Amino acid sequence: MSVSDLHDAVLDWYAEAQRDLPWRRPDCSPWGVFVSEVMLQQTPVVRVLPVWEEWMARWPTPADLAGVASGEAVRAWGRLGYPRRALRLHAAATAMVERHDGEVPSNLVDLQALPGVGTYTAAAVAAFAFGIRVPVVDTNVRRVHARAVTGVEHPAPSLTRAESDLAASLLPDSESEARLWNVGVMELGALVCTARGPRCDDCPLLGRCAWVLAGRPAYDGPPRRGQKWAGTDRQVRGRIVQLLRESDEPVSRAEVEKVWSDEIQRERCLDGLVADGLVEPMSDNRFRLPA
DNA sequence: GAGTCGTGGGA
DNA sequence: TTCCCAAGACT
């Protein structure tokens, strides 16, 4: 089996099975791609779609977002989760206005220098918005590579050098095929080669998947850490931000106290939110999203 | 490098 | 019901 055959299999499958997502359309701006990538960090597509549409209508350019208070971004973020992403998106838009003539930078170094942009997001924007030939490695891609090539059910907890090297070696030579390969492998991981209950019968790589050919051996790596939720600071922070987000005017300390009874934890979280820039304390002992 | 950081839906 | 996890970034 050649790598070229692998490319053809994925590209043919993608041409037929791809979802029609607005940020993939040819008329979508780099800014639209950028916003989608930040929103999609750890958040499912179906939940991002309506919020993305709203943001694009309201803030069609980086300058539009940079021109409003950061708290407006947090409010419009809704319930996507990890609201610091909204803050960083606003900061990134500001940086684009100040350093890049109001445009999304088109190279990896400048992209990754933006707030909230790491290795993955920089590569994704470079590849999908500007057609640059660079490996895009997210959790979906890592899983497809782990199964189809390495022959294991799940990739390591964090990205390894071997995985990066593998992704680079699999990238097609041409820019056009590289772009389709990146989005195609990602789509395959999202729709078919899923974390739980993979739909191997629908997979274009079924006949050559190393994991399937090995008899689908069970995962035997280190146990992945499950994230606690009930009673954690994250839950408390979420409630406080939700309270401010859903209030049209600043809220009193008494209102904040009602969302969590443990005073020590509540105050710690409130202080943390202020330090993060997600909450703004006012002189009259009320709180609001940053103005 | 391990921990932290939201939210909601499906298995 | 409980658990897992969904296009990560940052410290």
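Labels below follow one simple rule: chain letters A, B, ... track the order of the sequence lines, proteins then strands, and each chain is numbered from 1. Remember, predicted model here, so these are calculated numbers, not experimental data.
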(Q) Base, sugar-phosphate or nothing for G118(A)? Non-hydrogen atoms, less than 4.0 Å. (A) sugar-phosphate
Q | First of R19(A) and L114(A) reached from the 5' end of DNA chain C, by closest nucleotide | A | R19(A)
Q. What integer distance in Å separates L87(A):CG from dG6(B):P?
A. 11 Å
(Q) Could you tell me how far dT11(C) sits from dG1(B) if I compare only their C1' atoms? Round to whole Å. (A) 10 Å
Q: Look at R268(A) together with D271(A) and state whether they make a salt bridge at an N to O cut-off of under 4.0 Å.
A: no
Q: Report which part of the nucleic acid L278(A) touches: base, sugar-phosphate, or nothing (heavy-atom distance under 4.0 Å, all strands).
A: nothing
Q. Near DNA chain C, under 4.0 Å by heavy atom, which residues of residues 132-141 of chain A?
A. D138(A), T139(A), N140(A)
(Q) Can you confirm whether L40(A) sits close enough to W23(A) that some side-chain heavy atom of one is under 4.5 Å from a side-chain heavy atom of the other? (A) yes
(Q) What's R142(A) touching, base or sugar-phosphate or nothing? Going by heavy atoms closer than 4.0 Å. (A) nothing
Q: Scan residues 229-268 of chain A against DNA chain B and write down, sorted by residue number, each residue with any heavy atom closer than 4.0 Å; if none is found, say none.
A: W229(A), D233(A), R234(A), R237(A), G238(A), R245(A)
Q: Would you jot down, in residue-number order, the residues of residues 39-51 of chain A having a non-hydrogen atom under 4.0 Å from DNA chain B?
A: Q42(A), T43(A), R47(A)
Q. Using atom C1' of each nucleotide, how far apart are dG6(B) and dC4(C) to the nearest Å?
A. 15 Å
Q) Can you check whether T43(A) reaches R85(A) side chain to side chain, under 4.5 Å on heavy atoms? A) yes
Q) Do the side chains of L191(A) and E187(A) get nearer than 4.5 Å, heavy atoms only? A) yes
Q) Going by heavy atoms in the side chains, are L65(A) and T94(A) under 4.5 Å from each other? A) no
Report all side-chain donor-acceptor pairs from residues 148-157 of chain A shorter than 3.5 Å, counting only partners two or more places apart or in another chain.
from	atom 1	to	atom 2	distance (Å)
E153(A)	OE1	Y219(A)	N	3.0

(Q) Nearest heavy atom decides the nucleotide; on that basis, is A190(A) or R88(A) closer to the 5' end of DNA chain C? (A) A190(A)
Q) Using a cut-off of 4.0 Å on non-hydrogen atoms, how would the nucleic acid contact of P83(A) be classed: base, sugar-phosphate, or nothing? A) sugar-phosphate
**Q.** Under the side-chain contact (heavy atoms from CB on, under 4.5 Å) test, residues paired with A168(A) that sit two or more places apart
**A.** P135(A)
Q) Who are the ring pair (Phe, Tyr, Trp, His ring centres under 6.0 Å) partners of W13(A), not counting sequence neighbours? A) none
Q: Look at R75(A) together with E246(A) and state whether they make a salt bridge at an N to O cut-off of under 4.0 Å.
A: no
Q: Identify whether any heavy atom of A195(A) sits under 4.0 Å from a base atom; if not, whether one sits that close to sugar-phosphate; answer base, sugar-phosphate or nothing.
A: sugar-phosphate
Q. Does any non-hydrogen side-chain atom of L159(A) lie less than 4.5 Å from one of Y120(A)?
A. no
(Q) Test of understanding: with side-chain hydrogen bond (donor to acceptor under 3.5 Å, both in side chains), list the residues that count as partners of R253(A), not counting sequence neighbours. (A) E267(A), N285(A)
Q. How would you give the extent of chain A contacts on DNA chain C, as first and last nucleotide 5' to 3' within a 4.0 Å heavy-atom cut-off?
A. dC4(C) to dC10(C)
Q: On DNA chain B, check which nucleotide each of S158(A) and G78(A) is closest to and give me the residue with the more 5' one.
A: S158(A)
Q.
Heavy atoms only, 4.0 Å cut-off, all strands: where does W77(A) land among base, sugar-phosphate and nothing?
A. nothing
Q) Can you list the other members of the hydrophobic cluster that holds L244(A), where links are side-chain heavy atoms under 4.5 angstrom apart? A) V74(A), L87(A), V236(A), I240(A), V241(A), L243(A), V251(A), V256(A), V259(A), W260(A), L270(A), L273(A), V274(A), L278(A), V279(A), F287(A), L289(A)
**Q.** Residues which pass ring pair (Phe, Tyr, Trp, His ring centres under 6.0 Å) with W59(A), listed by chain and number, not counting sequence neighbours
**A.** W55(A)
Q: Only counting residues at least two apart or in another chain, list the ones meeting salt bridge (Lys or Arg N to Asp or Glu O under 4.0 Å) with R196(A).
A: none
Q: Answer with base, sugar-phosphate or nothing: what part of the nucleic acid does S36(A) contact at a heavy-atom distance below 4.0 Å?
A: nothing
Q.
Distance check, P atoms only: dG3(B) and dA7(C), in whole angstrom units.
A. 23 Å
Q: Measure the distance from CG on D271(A) to P on dT4(B) and round it to the nearest whole Å.
A: 18 Å
Q: Could you note down all residue pairs passing ring-ring contact (aromatic ring centres under 6.0 Å, His included) where residues 127-150 of chain A supplies at least one of them, sequence neighbours left out?
A: none
